[in-house]
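Comments concern the structure below.
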There are 2 protein chains.
Amino acid sequence: MSLPRKKMTDNFPGCPVEAALGFLDGKWKGVILFHLMGGTRRFNEMRRLMPNVTPRMLTKQLRELEDSGLISRTVYPVVPPHVDYDLTELGKTLEPVVRALHSWGLDHVVCRDNRIETSVEPLEEHNF
Amino acid sequence: MSLPRKKMTDNFPGCPVEAALGFLDGKWKGVILFHLMGGTRRFNEMRRLMPNVTPRMLTKQLRELEDSGLISRTVYPVVPPHVDYDLTELGKTLEPVVRALHSWGLDHVVCRDNRIETSVEPLEEHNF
DNA sequence: CCGTATCCTAGACGATACTG
DNA sequence: CAGTATCGTCTAGGATACGG
């Protein structure tokens with residue numbers, strides 16, 4: 001039986017920090033989680049929040065987060081299609097981590113246009 | 001505090017979370033920072049702490065962290081060579097982030113022994 | 001002790017176009 | 001609206017060997 005061929009040498013994290021970062025690996029995962037902390041989001045809503053992410057990459061990162069158990073994908077079989085993305089309970093446990101990252105970024109990095117972005121129009125207020 | 005940039009050519013992050021993660025990008029940076037939180041470390045000391053990292057990769061990640069302003073490298077011109085790595089003041093500001101990652105890893109991931117599991121929800125396998 | 005020097009490959013990431 | 005399908009580039013990361 002062929003196991004998914006990836007190098008089996010050190011496939012597994014040797015340290016909790018490495019393990020945790022493994023879940024955030026990927027260019028957009030942290031940002032996706034951050035935006036989902038503001039509540040349910042739909043696909044094109046995310047695209048609007050993250051204008052530089054191509055649909056292909058957004059799909060890929062969302063699927064990986066879903067496979068990791070951090071977010072859920074809910075499909076409503078209607079026309080036009082309606083898909084909701086949410087944090088799972090496990091995903092919500094990452095909030096302190098994402099909050100710490102966000103706080104550090106605010107304190108130590110100047111973002112594009114010198115403008116600080118927060119999640120746009122959150123369904124629930126979250127003050128960081 | 002000065003405003004560090006990884007590289008001048010880097011795209012500006014569109015979100016503080018993305019910005020912060022940019023500094024931790026790389027397979028071993030988080031773990032390196034974590035170990036340096038325990039105090040000054042020397043090169044081969046780090047190798048012992050991270051047995052799976054090749055010297056090439058360790059050097060590379062250390063240099064990038066240094067370029068980011070998160071760690072300092074102190075060379076003592078003696079024989080045999082003696083080099084100390086430490087967190088800078090900026091690097092120390094990342095401690096809450098690294099601690100959050102570490103804590104999450106401890107709470108939700110079981111490392112070693114060829115298995116990785118979460119304690120919250122059943123997870124499919126991960127390839128790290 | 002503390003690294004470099006080469007060489008190599010998988011896959012991450014992006015651009016663009018298309019679809020049920 | 002919410003994605004796929006292709007194709008292409010680039011580089012992070014590893015294996016191995018050597019050097020001051």
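A, B, ... follow the sequence lines: proteins, then strands. Residue 1 opens every chain. Just so it is clear, the structure is predicted and the values come from calculations on it, not from any experiment.
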Using the 3.5 Å cut-off, write out each protein N or O paired with an N or O of nucleotides 1-4 of chain D and the distance between them.
| unit_1 | atom_1 | unit_2 | atom_2 | d |
| --- | --- | --- | --- | --- |
| D:dC1 | O3' | A:Arg42 | NH2 | 3.0 |
| D:dC1 | O3' | A:Pro81 | O | 3.2 |
| D:dA2 | OP1 | A:Arg42 | NE | 2.7 |
| D:dA2 | OP1 | A:Arg42 | NH2 | 3.0 |
| D:dA2 | OP1 | A:Val83 | N | 3.2 |
| D:dA2 | OP2 | A:Asn44 | N | 3.2 |
| D:dG3 | OP1 | A:Arg63 | NH2 | 3.1 |
| D:dG3 | OP1 | A:Arg73 | NE | 3.2 |
| D:dG3 | OP1 | A:Arg73 | NH2 | 2.4 |
| D:dG3 | OP2 | A:Tyr85 | OH | 2.7 |
| D:dT4 | OP1 | A:Arg63 | NH1 | 2.8 |

Could you state the atom-to-atom distance from [atom1] of [X] to [atom2] of [N] in whole Å?
| X | N | atom1 | atom2 | value |
| --- | --- | --- | --- | --- |
| A:Glu18 | D:dG13 | CD | P | 11 Å |
| B:Asp25 | D:dT11 | CG | P | 13 Å |
| A:Met57 | D:dT6 | CE | P | 18 Å |
| B:Met50 | C:dG3 | CE | P | 14 Å |
| B:Lys60 | D:dG14 | NZ | C1' | 11 Å |
| A:Leu58 | C:dA15 | CG | C1' | 16 Å |

Which ring pair (Phe, Tyr, Trp, His ring centres under 6.0 Å) pairs, counting each pair once, include a residue from residues 46-71 of chain B, with sequence neighbours left out?
none

Net bend of the helix from C:dC1-D:dG20 to C:dG20-D:dC1, end axes of five pairs each, nearest 10 degrees
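If I round to tens, the end axes sit 60° apart.
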
When you check the phosphate oxygens OP1 and OP2 of D:dG14, does a side-chain N or O of B:Lys27 lie under 4.0 Å from one of them?
yes

Could you tell me whether the phosphate oxygens of C:dA12, OP1 or OP2, come under 4.0 Å of any side-chain nitrogen or oxygen in A:Gln61?
no

So which residues get pulled into A:Tyr76's cluster when ILVMFWY side chains under 4.5 Å apart are joined, directly or through others?
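Joined to A:Tyr76, directly or through intermediates: A:Val78.
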
With [X] via side-chain hydrogen bond (donor to acceptor under 3.5 Å, both in side chains) - residues at least two apart:
| X | answer |
| --- | --- |
| A:Arg47 | none |
| A:Asp86 | A:Thr40 |
| B:Arg56 | none |

A:Ser68 side chain vs A:Phe23 backbone, donor-acceptor pair below 3.5 Å:
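No, because the side chain of A:Ser68 does not come within donor-acceptor range (under 3.5 Å) of the backbone of A:Phe23.
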
How would you list, by chain and number, every residue that makes a salt bridge (Lys or Arg N to Asp or Glu O under 4.0 Å) with B:Arg99, sequence neighbours excluded?
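B:Arg99: salt bridge (Lys or Arg N to Asp or Glu O under 4.0 Å) contacts with B:Glu95.
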
Using the salt bridge (Lys or Arg N to Asp or Glu O under 4.0 Å) criterion, which residues pair with A:Arg63? Sequence neighbours excluded.
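With neighbours one apart ignored, the set is A:Glu66.
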
If the threshold is 4.0 Å, N to carboxylate O, is there a salt bridge linking A:Arg48 and A:Glu45?
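Looking at A:Glu45 together with A:Arg48, the answer is no, because their closest N to O distance does not fall below 4.0 Å.
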
